[in-house]
Number of protein chains: 2
Amino acid sequence: MADVFEALAAHARRAILDVLRERNGQTLFEICTRLTMRHSITLTRQAISQHLDVLEAAGLVTTRREGRYKFHDLDTTPLKVIVNRWLNPNPTAGEE
Amino acid sequence: MADVFEALAAHARRAILDVLRERNGQTLFEICTRLTMRHSITLTRQAISQHLDVLEAAGLVTTRREGRYKFHDLDTTPLKVIVNRWLNPNPTAGEE
DNA sequence: ATCATAGGCAAGTGGCGACTTGCCTGTCAA
DNA sequence: TTGACAGGCAAGTCGCCACTTGCCTATGAT
């Protein structure tokens with residue numbers, strides 16, 4: 001599982017998480033469309049695809065393939081490391 | 001207030017937050033020492049100083065000056081945007 | 001079978017951020 | 001008042017990452 005923080009570093013990737021939160025299980029093209037429409041992010045399909053790879057490597061997005069479609073689902077579980085690391089009053093501090 | 005996510009992107013800055021969580025109100029030199037001792041991070045003083053600037057710009061660190069010392073305090077408040085953005089069941093989604 | 005659609009692979013580019021080096025300012029102790 | 005200590009400023013280097021371009025594969029409709 002790659003670095004969650006690095007995954008969150010890019011503005012476009014955060015927008016993707018927002019888009020997936022609006023509606024789960026979208027395809028690459030749907031995500032591209034929504035990014036353009038709702039978030040004024042105009043990137044090439046490949047750019048978005050690469051971002052999705054990063055998000056998936058970080059465990060923030062899971063994918064399932066059906067025919068020629070690939071659906072993307074949001075998983076916020078990795079985000080809880082942030083809470084556990086600094087916001088938690090009784091931490092298991094210092095791991096990385 | 002600068003980008004909290006960008007501030008969290010660097011490994012060294014996350015370690016600084018850990019160090020400040022161990023003990024609040026440390027000076028630059030104390031932070032440098034702890035990073036070396038406890039986290040095996042050997043960077044120049046200036047590098048750490050620049051990281052602290054980024055953290056302060058993001059609101060994650062506050063500073064107070066006393067004489068020739070400058071003390072650094074941790075402020076985890078900005079981290080809650082993460083919870084509010086994706087972990088919260090009822091979000092105020094999409095702002096940035 | 002053929003063509004449009006959904007997605008993937010790979011190489012290249014440009015800019016930004018992390019880090020260093022060198023020097024300067026300010027504070028306190030002797 | 002001079003020297004040690006805490007910190008700041010500015011410029012330069014370097015590597016990585018975001019993004020593009022070009023082409024390829026696979027699935028499904030007609």
Side-chain angles (χ1 to χ4, degrees), chain A residues 1-20 23-37 39-58 60-73 96, chain B residues 1-20 23-37 39-58 60-73 96:
Chain A
M1 185 122 101
D3 194 346
V4 180
F5 299 98
E6 189 187 341
L8 292 175
H11 171 77
R13 284 196 288 269
R14 276 170 266 151
I16 290 177
L17 295 186
D18 291 333
V19 161
L20 284 179
R23 194 165 81 82
N24 225 7
Q26 296 184 66
T27 66
L28 173 58
F29 278 76
E30 287 174 318
I31 294 171
C32 288
T33 306
R34 290 213 175 205
L35 283 176
T36 306
M37 301 284 99
H39 297 262
S40 302
I41 291 178
T42 54
L43 292 174
T44 57
R45 177 181 55 83
Q46 288 80 354
I48 308 296
S49 179
Q50 288 168 10
H51 282 310
L52 284 170
D53 289 340
V54 175
L55 288 171
E56 189 174 5
L60 287 163
V61 165
T62 58
T63 59
R64 51 199 159 90
R65 190 109 202 195
E66 285 181 27
R68 64 171 159 176
Y69 297 105
K70 185 180 180 183
F71 300 107
H72 301 265
D73 296 290
E96 176 148 357
Chain B
M1 187 121 100
D3 194 347
V4 180
F5 299 98
E6 189 189 340
L8 291 175
H11 170 76
R13 284 197 287 270
R14 276 170 267 151
I16 289 176
L17 296 185
D18 290 333
V19 161
L20 284 178
R23 193 164 81 82
N24 226 4
Q26 296 184 65
T27 67
L28 173 59
F29 278 75
E30 286 173 319
I31 294 170
C32 288
T33 306
R34 288 213 177 204
L35 283 175
T36 306
M37 300 285 100
H39 297 263
S40 303
I41 292 178
T42 53
L43 292 175
T44 57
R45 177 180 56 84
Q46 286 80 354
I48 307 296
S49 178
Q50 288 167 9
H51 281 310
L52 284 170
D53 289 340
V54 175
L55 289 171
E56 188 173 6
L60 288 164
V61 165
T62 59
T63 58
R64 51 197 158 90
R65 189 109 203 198
E66 285 181 27
R68 65 173 158 175
Y69 297 104
K70 186 179 182 185
F71 299 107
H72 301 265
D73 296 290
E96 175 150 359

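Note that these values count all heavy atoms, side chains included, but never hydrogens, waters or copies made by symmetry. Each chain gets a letter, A, B and so on, in the order its sequence line appears, and its residues count up from 1.
- In this structure, A:Tyr69 and A:Ala10 both approach DNA chain D, and ranking their closest nucleotides by distance from the 5' end singles out A:Ala10.
- Close to D:dA29, at under 4.0 Å from its OP1 or OP2, lies no side-chain N or O of A:Arg68.
- Note: CD (A:Glu66) to P (D:dG28) measures 10 Å, nearest angstrom.
- One finds a side-chain N or O of A:His51 lying less than 4.0 angstrom from the OP1 or OP2 phosphate oxygen of D:dC19.
- Counting heavy atoms from C-beta outward, A:Glu6 and A:Val54 have side chains that stay 4.5 Å or more apart.
- The stretch residues 23-36 of chain A participates, sequence neighbours left out, in these salt bridge (Lys or Arg N to Asp or Glu O under 4.0 Å) pairs: A:Glu22-A:Arg34, A:Arg23-A:Glu30.
- Taking 4.5 Å as the limit, every side-chain heavy atom of A:Phe71 sits out of range of all side-chain heavy atoms of A:Thr63.
- With sequence neighbours left out, the side-chain hydrogen bond (donor to acceptor under 3.5 Å, both in side chains) criterion links B:Thr36 to no other residue.
- Separating the CZ atom of B:Phe71 from the C1' atom of D:dG7 is a distance of 13 Å, rounded to the nearest angstrom.
- Side-chain contact between A:Leu8 and A:Leu17 is present, with at least one heavy-atom pair separated by less than 4.5 Å.
- Among C:dG8, D:dG7, D:dT27, the nucleotide with an atom closest to any side-chain atom of A:Arg65 is C:dG8.
- Between B:Glu30 and B:Gln50, the residue anchored closer to the 5' end of DNA chain D is B:Glu30, taking for each the nucleotide with the nearest heavy atom.
- Here the C1' atom of nucleotide C:dG8 and the CD atom of A:Glu56 are 13 Å apart, to the nearest Å.
- Atom P of nucleotide C:dT27 and atom CZ of B:Phe29 are separated by 16 Å, given to the nearest angstrom.
- One atom, CG of B:Asp53, and another, C1' of D:dG8, lie 9 Å apart when rounded to the nearest Å.
- Side-chain N or O atoms of A:Arg14 include one that pairs as donor or acceptor with a backbone N or O of A:Ala9 at under 3.5 Å.
- Listed by chain and residue number, A:Met37 satisfy the side chain to side chain contact (heavy atoms under 4.5 Å, CB included) test with A:Thr33 (two or more places apart in sequence, or in another chain).
- Atom C1' of nucleotide C:dC19 and atom NE2 of B:His11 are separated by 14 Å, given to the nearest angstrom.
- Atom CG of A:Leu8 is separated from atom C1' of D:dA18 by 16 Å (rounded to the nearest Å).
- For the contact set between residues 42-49 of chain B and DNA chain C, defined by any heavy atom under 4.0 Å, the members are B:Leu43, B:Thr44, B:Gln46, B:Ala47.
- The phosphate of D:dG8 (OP1 or OP2) has a side-chain N or O of B:Lys70 nearer than 4.0 angstrom.
- Between A:Leu52 atom CG and C:dG8 atom C1' there is a gap of 13 Å when expressed in whole angstrom units.
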Please produce a list of atom pairs where a protein N or O lies less than 3.5 Å from an N or O of nucleotides 14-16 of chain D.
none

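- With a 4.5 Å cut-off on side-chain heavy atoms, B:His72 and B:Leu20 count as touching.
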Which side-chain N or O atoms in residues 44-51 of chain A pair as donor and acceptor under 3.5 Å with protein atoms at least two apart or in another chain?
unit_1, atom_1, unit_2, atom_2, d
A:Thr44, OG1, A:Ala47, N, 3.3
A:His51, ND1, A:Arg13, NH1, 3.1

